[in-house]
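From a predicted model like this one, the values you see are computed outputs, not experimental measurements. Residue numbering restarts at 1 for every chain, and letters A, B, ... go by the order of the sequence lines.
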Amino acid sequence: MVLPKAGEGPVVYLIDGTSFVYRAHYAIREPLSTSWGLPTKAVFVFTRMLLRLLKEVRPEYLVLCLDEKEPTFRHEAYEDYKAHRPPMPEELVVQLPYIREVAEALGVPILSLAGYEADDLIATLAVRLPNPVVIVAGDRDLLCLVSERVHLWDPLREKTYTPEEVERRYGVPPERFPDFRALTGDPSDNLPGVKGIGEKTAAALIRAFGSLEEIYRRLDEVTPPRVRKLLSEGREAAFLSRRLLELSTSAPVPLELEHYRLREPDWTRLRALFRKLEFRRLLAELPAERLSLGEVVTVEDLPREVLSSERLGLWARPGEGLFAKELLSLSVATEGRAWVVQRASPETLRRLLGFSGLERVVHDLKALYHLAGEAPEAEGLLDVKLAAWLLDPTRRDYSLEGLAEEHLGARLASLDGKGMGERALALAELGPLLREAVEAAGLGPLLFEVELPLSAVLFRMERVGVRVDRAYLSRLAEDLRQELAELEAEIYRLAGEPFNLRSGRQLSRILFQKLGLPRGKRTPKGTDFSTDVEVLSALAERHPLPERLLRYRARHKLLSTYVEPLLRLADAAGRVHTTFNQTGTATGRLSSEEPNLQNIPIKGEEGELIRRAFVAEEGWVLLSADYSQIELRLLAHFSGDENLRRAFAEGRDIHAATAAEIFGVSPKEVTPEMRRLAKVINFGLAYGMSAYGLSKELGIDYKQAQAFMERYFERYPGVRRWREEVVEEARKRGYVTTLLKRRRPIPGLAAPERPVREFAERTAINTPIQGSGADLIKLAMLKVDRRLRAEGLKARLILQVHDELLLEVPEEELKQTQEIVREEMEGVYPLSVPLKVNLAWGRNWAEAKA
DNA sequence: GCGATTGA
DNA sequence: TCAATCGC
């Protein structure tokens, strides 16, 4: 960069933010966006440019100039301005707030003024400040401002424009540049110019006549006649172009230099922003920061003084070695001071968790309950993991380390050093921050009245576990291994050679190359030919192998995913203890892992075989309670659709009712086939399926599927209206909400790519339904758990499977428990349609499903 | 539609 | 990491 020699005082850098937004849009071909759908090309290019500027030039004074949304004086002065300046593409508009945020986080002063474009602000400052000025821009619109005191630097082309350089490059001095461009025009800028006049001719004309006015005043002197004719035809366009190029130098901007001093960057904010924008490389380049959160001391026992503080960060993990469960590593912290208790007992943790006198801030409360061996009834607990999840349930990482880095800018030390104390310190600081954010988002009641107390219920469910019949499972495993061996031999015989029949690649070689069967669709990534159920079932007519393979797959899945893990994970009493992940889904549902007990087969032979393995204690039974059609009922409630609400109010078979509606027949005339189709549509609706998904599910073509959906919406107009309203609301607010005000951000509604946008729309529609279902069953779990304990019953919750609760109940308590469960579940929350619960019980889960 | 798990 | 398959 060549710095201006004229001018007084330090150099001032004026950045034309808008020009970079456009430049980035056209400069990089491949699309760039976050995993959640925000296009980031422009922010990325801009950020890289700004970081480079700050690092290489180290400016003391600079200002980022941006446009405002409001129309400028150009709109007001010229009717046809808008016609010549199409609005900024939506893809770019959504990035503008982030550009502002990046600059703010970097401490760069920002200037924007209603009624003025960035160019006008820069022109005003360039003309009125006495300092040397470098305009940092990604286009040439501002070349006319170049002088001995004002240079223009294009960091993307690495080029400095001095007056000499402008003259050399364009053949006209900077002050004549607007005249020059008024003649040549600029298609990328929608500047018409004079048709047929190129740069050479324009420069020659201006050199000969001096200005645009002069050229037209002495038009008859222009030679050759061809150019004269072009000029005469393009007169209007030329003067319009010039008017559009005129800059205001009288914008009311502060002229005191100190307004434009670069401030200290807010690294914490910048880091959070880069993480959100998924700028991984840039994130790694940020200066490492190790904030000291406070002093850490190691103590033998919990100091008394901690209990007199107002708030405590509380962190614990299992101890080392043989006594990991009895001797915990535990740390507590008040602001600025942490105590590490090397060998605390679960009793210590229990006391702290149960001590309602002060706020205890923890990370993953349910895990602490397990360490404490109990969930004491208490007030004043705050779980930052739950809080962070409620604030944004779409993130993937809710680790304490991640939260500390994001909100406190602190990289926590490893656990063999000061790490334990720092974790407690981080919690003490995160507590008020996240509490405030939760309250501000209206998520307080959901956190403190639902999710936090639910942690205790889930802890008890996990600890009790589910009993499995190990003898039965062992026999089943043996039988399955036997059958798999036979199937394997048979498949090798049919294939004519042995191969790895669990490998899709090898299977597709056998099927499509060796046996010459017709290839079907590709795998989702398009790299291989698919061998999924759909393809294999279709091939079953032509060859016996596919059918055998499908059976092999089903049996193998049963053995390796269900039977073997259950045997492995069962404890000495034959009980398996799943872990419910309370922060694992974007919709608010729970998930279950090690083992996942929420996807135990239910249909077909496999379902029966495996569910018979889940049994009750001697003298107890399993009681299953599932919400009937909870999602469609919620759809009826939200949409207020009369037709749908009536069907539920009258206790009708909802799939049959839907079939009658869309086929225009009376309920009696509904055939099983019609009902099946209606059922798929109803399910599709609840899961946010597209017409495309529906067509695949039903094996019909897209047009037909569309017609079915259209027919549905005609019969249930309230549903259509509600869907449109939800999408509109998501567009306006950026998120959707559930019955209990749970939130989920919906990015991508403004995406230019149709698939991305439609995906976002489906998410926006599906989440309130699925998420409210989660709200209701969580509320019901709290109520059922509370009632059972209040009434002194031994019956207990053991599993939750999204719309089903599974309880283990002493035989003599069955009747009373059934009444309680039905009452609490059906009356969980008043909706405009009734909630219905199906109850079933038996010695095992298969019987309890009947 | 979402999430968990298995196996190459 | 991807493909396939289970549940809701």
- prompt: CZ of A:Arg396 versus C1' of B:dA4: gap in Å, rounded?
  reply: 14 Å
message: Heavy atoms only, 4.0 Å cut-off, all strands: where does A:Thr587 land among base, sugar-phosphate and nothing?
response: nothing
- prompt: What is the nucleic acid contact for A:Ser592, judged by heavy atoms within less than 4.0 Å: base, sugar-phosphate only, or nothing?
  reply: sugar-phosphate
statement: In this structure, NE2 of A:His556 is separated from CD of A:Glu483 (nearest 0.5 Å) by 13.0 Å
Going by atom type alone, with no hydrogens or angles, which donor-acceptor pairs under 3.5 Å involve a side-chain atom of residues 535-549 of chain A and a protein atom two or more places apart or on another chain?
residue, atom, partner, partner atom, Å
A:Ser537, OG, A:Val533, O, 2.5
A:His543, ND1, A:Leu545, N, 3.0
A:Arg548, NH1, A:Glu490, OE1, 3.4

task: Rounded to the nearest angstrom, tell me the gap between atom CG in A:Leu685 and atom C1' in B:dC2.
output: 17 Å
field: Candidate pair A:Glu486 and A:Gln482, rule side-chain hydrogen bond (donor to acceptor under 3.5 Å, both in side chains), full reasoning
entry: CA-CA 6 Å; A:Glu486 287 164 18; A:Gln482 171 77 34; 2.8 Å; yes
- request: Find the distance A:Ile765:CD1 to B:dC2:P and express it as a whole number of Å.
  value: 13 Å
- prompt: For DNA chain B, whose closest nucleotide is more 5', that of A:Arg505 or that of A:Pro393?
  reply: A:Pro393
- prompt: Rounding to a whole Å, what distance do you find between A:Leu590:CG and B:dA4:P?
  reply: 11 Å
query: A:Val726 and A:Pro768: which non-hydrogen atoms are nearest, and at how many Å?
result: CG1-CG, 4.2 Å
query: Given atom CZ of A:Phe683 and atom C1' of B:dC2, what is their separation to the nearest angstrom?
result: 15 Å
- request: Test ring-ring contact (aromatic ring centres under 6.0 Å, His included) on A:Phe708 and A:Tyr712 and set out the steps.
  value: CA-CA 6 Å; A:Phe708 276 127; A:Tyr712 181 95; over 10 Å; no
- request: Can you check each nucleotide of nucleotides 3-8 of chain C against protein heavy atoms at under 4.0 Å and return B for base, S for sugar-phosphate only, - for none, in 5' to 3' order?
  value: SSBBSB
message: Strictly below 4.0 Å: does A:Arg502 bring a side-chain N or O up to OP1 or OP2 of B:dG7?
response: no
message: Between A:Ser455 and A:Gln582, do the side chains contain a donor N or O and an acceptor N or O under 3.5 Å apart?
response: yes
- request: Round to a whole Å and report the spacing from CZ of A:Phe580 to C1' of B:dG3.
  value: 14 Å
- prompt: Rounded to whole angstroms, how far apart are CG on A:Asn500 and C1' on B:dG7?
  reply: 8 Å
message: Below the 4.0 Å mark, does B:dG7 have OP1 or OP2 next to a side-chain nitrogen or oxygen of A:Ser503?
response: no
message: If we ignore hydrogens and angles and just use 3.5 Å, is the side chain of A:Tyr627 paired with the main-chain N or O of A:Met825 as donor and acceptor?
response: yes
- line: Rounded to whole Å, CZ of A:Arg762 lies from P of B:dC2 at a distance of 9 Å
